[in-house]
Protein chains: 4
Amino acid sequence: MVVILKPTTSEERKNQLIDWFRAQNLGVHVSVGEYHTILGLIGDTRSLDIDLVSSLDIVESVKRVTDPFKCCNRKFHPDDTVITVGDAKIGGGNFCLIAGPCSVESEEQIVAVATEVKKAGAKILRGGAFKPRTSPYAFQGLKANGLELLKLARKETGLPIVTEIMSVSTLDLFEDVDIIQVGARNMQNFDLLQELGKLNKPVLLKRGLANTMTELLMSAEYIMASGNEQVILCERGIRTYETLTRNTLDLSAVPMLHELSHLPVIVDPSHATGIARLVEPMALAGAACGADGLMIEVHNDPIHALCDGAQSLTPEQFLHLSRKVAAVRQAVQA
Amino acid sequence: MVVILKPTTSEERKNQLIDWFRAQNLGVHVSVGEYHTILGLIGDTRSLDIDLVSSLDIVESVKRVTDPFKCCNRKFHPDDTVITVGDAKIGGGNFCLIAGPCSVESEEQIVAVATEVKKAGAKILRGGAFKPRTSPYAFQGLKANGLELLKLARKETGLPIVTEIMSVSTLDLFEDVDIIQVGARNMQNFDLLQELGKLNKPVLLKRGLANTMTELLMSAEYIMASGNEQVILCERGIRTYETLTRNTLDLSAVPMLHELSHLPVIVDPSHATGIARLVEPMALAGAACGADGLMIEVHNDPIHALCDGAQSLTPEQFLHLSRKVAAVRQAVQA
Amino acid sequence: MVVILKPTTSEERKNQLIDWFRAQNLGVHVSVGEYHTILGLIGDTRSLDIDLVSSLDIVESVKRVTDPFKCCNRKFHPDDTVITVGDAKIGGGNFCLIAGPCSVESEEQIVAVATEVKKAGAKILRGGAFKPRTSPYAFQGLKANGLELLKLARKETGLPIVTEIMSVSTLDLFEDVDIIQVGARNMQNFDLLQELGKLNKPVLLKRGLANTMTELLMSAEYIMASGNEQVILCERGIRTYETLTRNTLDLSAVPMLHELSHLPVIVDPSHATGIARLVEPMALAGAACGADGLMIEVHNDPIHALCDGAQSLTPEQFLHLSRKVAAVRQAVQA
Amino acid sequence: MVVILKPTTSEERKNQLIDWFRAQNLGVHVSVGEYHTILGLIGDTRSLDIDLVSSLDIVESVKRVTDPFKCCNRKFHPDDTVITVGDAKIGGGNFCLIAGPCSVESEEQIVAVATEVKKAGAKILRGGAFKPRTSPYAFQGLKANGLELLKLARKETGLPIVTEIMSVSTLDLFEDVDIIQVGARNMQNFDLLQELGKLNKPVLLKRGLANTMTELLMSAEYIMASGNEQVILCERGIRTYETLTRNTLDLSAVPMLHELSHLPVIVDPSHATGIARLVEPMALAGAACGADGLMIEVHNDPIHALCDGAQSLTPEQFLHLSRKVAAVRQAVQA
């Protein structure tokens, strides 16, 4: 860490700060410039609170030199992590389509969608049982019953299942789930992350609406530092001033996260855009820039035929997307 | 809710949609324009998923006419809510200074700070026991022990205490806490909100880093719809592209939330700016635009004398702020 | 336009507003709901100031039903616009690579780069002569001399040239330029847009750092309403809170703008990311989601060999990108 | 400037970079750490392109140590700049109310408003003659004729006038204007800034919608480096994801800009919020945190009585605001 002191800093205050750093087992390299004194800290600065240091009145600014994350850092682990669930692999050149309905609604629905998406190339079934909703008056999902229906669909199709957890208190219910998803709103629910770190089960970690890539990696670090190294990162759109799309899909995060970390990175174009017509183009874009997988909403409930413009695709649209994605991947890898 | 259909919508699809709305007990008023057909929905649309409707391929756009929140809505509850804890009152013209250290560190520290801030005019003591931290390697607070030290400080000074909860699983520990704080990262931890809604105890709800005022009110609605009407809203800065301050304090939220809701609104300039030098001017600004209270970080631990430029003020600085705030409030109310 | 009145609106105020709308040649359709009265305005509302109407104290909110843009609107002009310059075509299925250095530095440099990028598949040469710079102390480009060097490179290679204009006062100098570029900072320099609207020459219009897609289309409308229909839209990244990339490339804008408008849409991954390593993956992503072209920075000045990690690619890297992009386009169109 | 090199950097590449810095007359201080080599640059780095350096592939990151601005930097000019126009002073403890209509509409209107705001305490008259409008179909102002009406109002009342310039090409028309305003959309119209820098006349520079405080100061630097030191900074709201207010007023910018620069800082709550009801509370907040002035929209045109909920206040509301602001200023300074 490099700490730049203000020109007005007294010797006494400067030495107090240097002593404080040394008391925390850090070496301090002092470099006196024309206007500013620069302190270079040597040693493990990961536990140092950069916000605290930068808020000191004698400090002009602070710059981290080493990354604050370690377990998920490609520098210390150059090889890609590959996550395996059933026949599906994600990462290290293995591409995986994850598909299914927004919410699990009934046995008929989930089994039918699962059958269709499997035929179209999906390797993992998604479906919401616990639904985080902005409004307390909105449908909150079938909860435990929804999980049972997902398992039924798995039994029928052989597809592993991924579904979202909203609270540590329901963790027991997820024992037989293949991949546990942490939603955008819980990306910094640190208690939940630590509990998931104690499991031996892949975690699909979605980027928060207003979280930086570094914060996403720090949340992965929470899980990994607790012992669970099976983390899948997911870009799903960030909040910006643009309102024509629900969120702004930040695809640059795909190559950037790949550079910083060895963890697989997937893209969710359905939630990011909120518009079915944009799902295929953004899925293709995600595949083109190197995503290790895509998470796509698909429905086939006739009652919702009405909604085929929603963010969910029909099975036919998903099949079309699946074929195009395969072609794009082949083009990129050639 | 007003639903605007695309010019290309067929009669059949339009009628399907109208039937679907009617099946949900909504009246539908159809108005055919030159290019667009507009559907006006009559009845309780709060449980309708606006994202779903707006994502239909025949829908150009959707506009809510009524607010999606009810319990916290000033339209249905014109009088200000007043929260009372011990001798402190917040809201309805009652202004309240909340002060204390970022983290509880020791008995000496918390009792000393509590004594000082009480002398300077604080009515409630704040202090972090469970600390949400971006990094798993950073200090996470004294946890249960920190809560005990807060209670000791309360016993010594008579000041009611407010402290942050991070997880439903620790709720028992907060039984004897006066006000439970929900931090920015947990503003949409809906399970936690629902559990807090079952208590008979004030909740201080901080606005999330990337959350709109409407979403803040919807989170208050979660607590209130579960039965607990004692909610204090807190503006604490939102995430923007500006980097000179930690976050961007959105003070317009104070009069805007007051207009929309009867709940008290306080301001936390310490976390918003992350810079001690900005705390007093932004505290004065908060008081000037009508905040019902301020939450200020104050330390007096000699080991941290070093840090008196941090976001925490010294007791002397807090006393200065307290006097200025009183003067500004008098000026505004005159 | 739909105008929703507040529940408390008096009959008198409501009628004043209705009269005011009618005085502006608009029909008004009144629909009285349980709480709110809704006014549907019929006629040409494009010149109505939506901000003014929505700020009236009796107005709860306002919703446009028709788009505020007309000339660039696909609804009134379903066929793709195709821009032709020399042998290059952009739009309507015609894909175009635009490449060249950030700044024109010398004859040797620009001719050499032009020769290289032509070989690698570029159809148009880019190069900055007038450079908008945040700092008055930074290099501002070779200006008029830079334009001459671009023309020399065009003469040598036959490639049409595109370069940025910063001010109406230099317009004469651009007479012999093939495509005039309006940079992000000038997207709402309305005087400049109107002057460019009087020309018979393509304009490459970059999206502003903080501008919505609708605002981009309104700026295109300024040019087109003045008589020049040859506008190319360019997505080049928007400003968000993320700092690992220079800006956040909003690729969803590509399919969205294509849906709203008949104008061609290109992508500039070099400026958006500011990092050479990300240019190829984001170029591939842009091609995959349907961009009509890409604008890529390429240098080959040996003095800058040092900088081959900058946002500029070497000619070899550009050739690699060009081949991959062609493959991705084939995959997408198959 | 501190440049942090990647761990993988070869000696050869490192030495090339060091030589390049030295060729630009910079001293280079090399510090070799456990993982990273850090280069400290000594000398005038203002003209160095930080984006270029940070994009080099051997560079991990870059950190400025000295501010990139000089003329407007408080470090080199500790005393507050005071701007004087007629009887009005802004800065250095002198507070100034600027008021007037959004657009100049007629002689009656502008004279009447000028008379009213003068009575209520305004020291400077504002009014738009050239209006930047997102839509080419919206009213663009009375232009040259509007400037004449403003001068008439000045003659009647003695109030100096401030009005917005949109283009260098109209500069002659502003010769007799007291303060020239640069709007948010033109904050980085560098040609315009440089021309204004050649005048001996105060410039009111508004912060751009998506511009940082540092960029605002760099734009002031453009004007000052060209010779004109009379710059007034204006915070007028930034673009964020929040939609209930038109923009998000960033009041923290007031004390922050005061710390960084000696230039006066004023606040425009009318444009920032777009809602008349919020103008007074935000004006009070601006005064409370140390603004040197406020810019307030006031109308009194009977035709617009309808609009008294718009962002413009009536003269009565402005008088109320003026008195409250005076009281708050007294409270803060006591």
Side-chain angles (χ1 to χ4, degrees), chain B residues 67 207-217 235 237-260 267 269 272-275 277-291 323-334, chain D residues 67 207-217 235 237-260 267 269 272-275 277-291 323-334:
Chain B
D67 299 321
R207 183 180 180 182
L209 264 184
N211 288 110
T212 62
M213 299 181 215
T214 304
E215 288 170 343
L216 173 60
L217 291 173
E235 163 60 34
I238 61 174
R239 187 162 262 184
T240 69
Y241 63 83
E242 176 62 64
T243 55
L244 285 187
T245 45
R246 189 190 296 161
N247 296 123
T248 297
L249 185 64
D250 179 12
L251 284 179
S252 312
V254 175
M256 194 49 130
L257 289 170
H258 273 150
E259 181 174 320
L260 295 169
V267 171
T273 63
I275 301 171
R277 304 181 303 276
L278 300 188
V279 171
E280 183 178 299
M282 300 323 291
L284 297 178
C289 67
R323 285 176 179 158
K324 288 265 185 191
V325 163
V328 165
R329 282 197 32 87
Q330 210 166 11
V332 171
Q333 293 177 323
Chain D
D67 298 321
R207 181 178 182 183
L209 264 184
N211 288 111
T212 62
M213 298 181 217
T214 303
E215 287 169 343
L216 174 59
L217 291 173
E235 163 60 33
I238 60 173
R239 187 162 263 183
T240 69
Y241 63 83
E242 177 62 66
T243 55
L244 285 187
T245 45
R246 188 189 298 161
N247 296 124
T248 296
L249 185 63
D250 179 12
L251 284 179
S252 313
V254 176
M256 194 48 128
L257 289 170
H258 273 150
E259 182 174 319
L260 295 170
V267 171
T273 62
I275 302 170
R277 305 180 304 276
L278 299 189
V279 171
E280 183 178 299
M282 300 325 289
L284 297 178
C289 67
R323 286 178 178 157
K324 288 266 185 190
V325 163
V328 164
R329 281 195 34 84
Q330 210 167 12
V332 170
Q333 293 177 322

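To find a chain, count down the sequence lines: A is the first, B the second, and so on, and within it residues start at 1. Just so you know, these numbers come straight off a predicted model, no measurement behind them.
- Options R323(D), Q330(D), R329(D), M256(D) differ in how many heavy-atom pairs under 4.5 Å they form with chain B, and the most are formed by M256(D).
- Residues A331(D) and A331(B) come closest through the heavy atom pair CB-CB, 4.0 Å.
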Exercise for the section: Tell me, with the steps shown, if R246(B) and I275(B) meet side-chain contact (heavy atoms from CB on, under 4.5 Å). Expected result: CA-CA 8 Å; R246(B) 189 190 296 161; I275(B) 301 171; over 6 Å; no
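- For chain B, the option among C289(D), G290(D), A327(D) with the highest count of heavy-atom pairs below 4.5 Å is C289(D).
- Atoms CD and CD, from E215(D) and E242(B) in turn, are 8.5 Å apart once rounded to the nearest 0.5 Å.
- Ranked by heavy-atom pairs under 4.5 Å with chain B, the first of T245(D), V332(D), V325(D) is V332(D).
- Within the 4.5 angstrom heavy-atom criterion, only backbone atoms of R239(B) (N, CA, C, O) approach chain D.
- With values rounded to the nearest 0.5 angstrom, L278(B) atom CG is found 12.5 Å from H258(D) atom NE2.
- For chain D, the nearby part of E259(B) is the side chain; its heavy atoms alone come within less than 4.5 Å.
- Taking OG1 from T248(B) and CD1 from I238(B), the interatomic distance works out to 6.5 Å, rounded to the nearest 0.5 Å.
- Only the side chain of T273(B) has a heavy atom closer than 4.5 Å to any heavy atom of chain D.
- Residue contact with chain D, scored on non-hydrogen atoms closer than 4.5 Å, involves the side chain of T240(B) exclusively.
- Between chain B and the residues D250(D), L244(D), L249(D), the largest count of heavy-atom pairs under 4.5 Å involves L244(D).
- With a 4.5 Å cut-off on side-chain heavy atoms, M282(B) and V267(B) do not count as touching.
- Residue with the most contacts toward chain D among N211(B), V328(B), T243(B), T214(B): N211(B) (heavy-atom pairs, distance under 4.5 Å).
- Here CD of E235(D) is found 8.5 Å from CG of L216(D). Values are rounded to the nearest 0.5 Å.
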